Amino acid sequence: MALKKGEYQAVSLYKFCLCILVVFIHNKTDEYFQLTDKQYMFFEFFTFYVAQIAVPSFMILSAYLLFRGYRTGNAFSKIRSRLSKLAPAYIFWNTVAIPYTVLVTGYRSSGNLIEGILGGGDDLLTSKFNFPLWYIFDLMLFLIFSPIVYKVLKNKNIGIMIIGCLYFLYICGVQLPDIMYWRDVHLYYLLGAYLGIHEFKIYKQRTSLLDMLSGIAGLLLTVILWNSRVKTIALSIYSLGMMRYFLSRFNAKKIPIFIQKISEANTFVYYTHIFFIGGIKKVVGLLFQTLSFKGLLCCFIAFYMSTALCLFIIIEIRKFVRKGCNRINNPRVCQFIELLVP
């Protein structure tokens, strides 16, 4: 089921905001400042804990959009369509990351490089070179097994019981056999799949204060329960509450054109930010140290400055590549480039 124009713009903007939060998680400017314990806790709340909504929301939203309107008859076309978009970019940006990992961050593997690429400590297949791409790898796995997920969850009552049992087993610390590729974040994916299969509305025509309050409550519970497995429930509440509030807020609103254009870069930001954020963070942090800028406020300024610079560079690169693509008279080449630079 295709998204309407207003829905698409709201979802695209929300994904871009989530990508910014992913950059937050990988941007550690506090190491260049001497913060007190209280200052560090305050900084962590706004730059780390707030950003924890990113992964659960990505998982819930991706599954919801796939399984909304999912039927046995259209399963193959949905799988083929999404894999044709994800796989080329995944392979390309993970391959590009190999020299970056080896030369810049250093390669660590128990075996040699070839063994590592094929399945060692840092391996290409599971995105250890461009490590944020673990999310894309997991999405492709779930795409392949989506017919099974659909059959398991298509009964409304049985589906919610299965998801509830999986949450309960995870919270109790029950480990699945090593042969089964299972992570806690997959609980969020199954939750999104269930909501999509049974066509629950993840937004309303009007914003709800209750959604925002439930999101804030989920955030506070996440902080309190961070060292407990119960945080998966808190993160689910946080993600669903904020997602419903955000999408309801922007679904019916006309989003300015320039913001729409920027938000379309959300996937490219996710693929490439890891190449830039480390260097930018270091330059900004050392600059502040040289100028003897200290304290919590300077730490926040450095944090947001490095994040903004990273986003600016990536968006400009995308704009440059897209403009160059428009000058190529070969539609197939253009289409392939747009897959790699979405």
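Everything numeric in this text was worked out from a predicted model, so none of it was measured.
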* **Trace of the side-chain contact (heavy atoms from CB on, under 4.5 Å) decision for Leu18 with Asn266** => CA-CA 8 Å; Leu18 294 178; Asn266 62 76; over 6 Å; no

* To do: Any chance you could lay out the side-chain contact (heavy atoms from CB on, under 4.5 Å) test for Phe300 and Met305, step after step, and finish with the verdict?
  => CA-CA 8 Å; Phe300 270 113; Met305 185 186 295; over 6 Å; no

* Verdict with reasoning, Leu13 to Ile259, per side-chain contact (heavy atoms from CB on, under 4.5 Å) -> CA-CA 8 Å; Leu13 180 57; Ile259 294 180; 3.7 Å; yes

* To do: Starting from the C-alpha separation in whole Å, work towards a yes-or-no answer on side-chain contact (heavy atoms from CB on, under 4.5 Å) for Leu240 and Leu191.
  => CA-CA 10 Å; Leu240 283 174; Leu191 177 60; 3.9 Å; yes

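Within the 4.5 Å cutoff, no side-chain heavy atoms of Trp226 are placed close to those of Leu221. At a threshold of 4.5 Å between non-hydrogen side-chain atoms, the residues Tyr271 and Val341 do not count as touching. Using a 4.5 Å heavy-atom cutoff, the side chains of Ile233 and Ile171 are in contact. You'll find the side chain of Val185 reaches within 4.5 Å of the side chain of Trp134, heavy atoms only. In this structure, Tyr90 and Leu139 have side chains that are not in contact, with every pair of non-hydrogen atoms separated by 4.5 Å or more. Residues Gln260 and Ser12 form no side-chain contact, since every pair of their non-hydrogen atoms from C-beta on lies 4.5 Å or further apart. Residues Phe67 and Lys78 are not in side-chain contact: their nearest non-hydrogen atoms beyond the backbone lie 4.5 Å or more apart.
Note: the hydrophobic cluster containing Tyr14 also contains Phe258 (ILVMFWY, side chain heavy atoms under 4.5 Å, direct or indirect links). In the hydrophobic clustering of ILVMFWY residues, with side-chain heavy atoms under 4.5 Å counting as a link, Met243 and Leu210 come out apart. Residues Ile25 and Leu219 fall into different hydrophobic clusters, defined by Ile, Leu, Val, Met, Phe, Trp and Tyr side chains chained together at heavy-atom separations under 4.5 Å. Grouping the Ile, Leu, Val, Met, Phe, Trp and Tyr side chains by contacts below 4.5 angstrom, directly or via other members, places Ile237 with Tyr194. No continuous path of ILVMFWY side-chain contacts below 4.5 Å connects Val283 to Leu311, so the two sit in separate hydrophobic clusters.
Pairs passing the salt bridge (Lys or Arg N to Asp or Glu O under 4.0 Å) check and including a residue from residues 34-61, sequence neighbours excluded, read Lys28-Glu44.
Within the 3.5 Å criterion, the main-chain N or O of Ile91 finds no donor-acceptor partner in the side chain of Asn94. Judged by distance alone, with hydrogens and angles left aside, the side-chain atoms of Thr36 form a donor-acceptor pair with the main-chain N or O of Gln39 at under 3.5 Å. Between the side chain of His273 and the main chain of Tyr270, a donor-acceptor pair closer than 3.5 Å is present. Judged by distance alone, with hydrogens and angles left aside, the side-chain atoms of Glu199 form no donor-acceptor pair with the main-chain N or O of Leu195 at under 3.5 Å.
When Phe275, Phe16, Trp93 are each tested for a ring-ring contact (aromatic ring centres under 6.0 Å, His included) with Phe268, only one passes: Trp93. For the ring-ring contact (aromatic ring centres under 6.0 Å, His included) test with Phe24, the passing option among Phe303, Phe45, Phe43 is Phe303; the others fail.
Around the NZ atom of Lys15, the shell of radius 6.0 Å holds no more than 12 heavy atoms that belong to other residues, nucleotides or ligands. Other residues, nucleotides and ligands contribute more than 12 heavy atoms inside 6.0 Å of the CZ atom of Phe200.
Tyr135 and Ser62 are linked by a side-chain donor-acceptor pair at a separation below 3.5 angstrom, with hydrogens and angles left out of the test. In this structure, a donor-acceptor pair under 3.5 Å is absent between the side chains of Tyr238 and Ser57. Looking at Asn27 and Thr307, their side chains do bring a donor and an acceptor atom within 3.5 Å of each other.
Classification of the Phe246-Phe250 ring pair by plane angle, with boundaries at 30° and 60°, yields tilted.
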Atom pairs and distances, side-chain donor-acceptor, residues 142-169, under 3.5 Å, sequence neighbours left out:
from	atom 1	to	atom 2	distance (Å)
Ser146	OG	Tyr70	OH	2.9
Ser146	OG	Leu143	O	2.7
Asn155	OD1	Asn157	N	3.1
Asn155	OD1	Ile158	N	3.0
Tyr167	OH	Ser236	OG	2.7

Can you give me every donor-acceptor pair (side chain of residues 80-87, partner residue at least two apart or in another chain, under 3.5 Å) with its distance?
from	atom 1	to	atom 2	distance (Å)
Ser84	OG	Arg80	O	3.2
Ser84	OG	Ser81	O	2.7

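Here the straight-line distance linking atom CG of Leu133 with atom CD1 of Ile274 works out to 9.5 Å at 0.5 Å rounding. In this structure, CZ on Arg318 lies 11.5 Å from CD on Glu316, to the nearest 0.5 angstrom. How far NZ of Lys281 is from SG of Cys310: 11.5 Å, rounded to the nearest 0.5 Å. Atom CE in Met140 sits 13.5 Å away from atom CD1 in Ile79 (nearest 0.5 Å). The distance from atom CZ of Phe46 to atom CG of Leu296, rounded to the nearest 0.5 Å, is 9.5 Å. How far CE of Met242 is from SG of Cys17: 12.5 Å, rounded to the nearest 0.5 Å.
When all heavy atoms of Val22 and Ala54 are compared, the pair lying nearest together is CG2-CB, 3.8 Å. The nearest pair of heavy atoms linking Asp138 to His186 is OD2-NE2, 2.9 Å. When all heavy atoms of Leu61 and Val11 are compared, the pair lying nearest together is CD2-CG1, 4.0 Å. In terms of heavy-atom proximity, Lys201 sits nearest to Tyr64 at CA-OH, 4.2 Å. Considering every non-hydrogen atom in both Gly295 and Phe33, the closest pair reads O-CD2, 4.1 Å. Contact detail for Ser239 and Ile60: the closest heavy-atom pair is CB-CD1, 4.1 Å.
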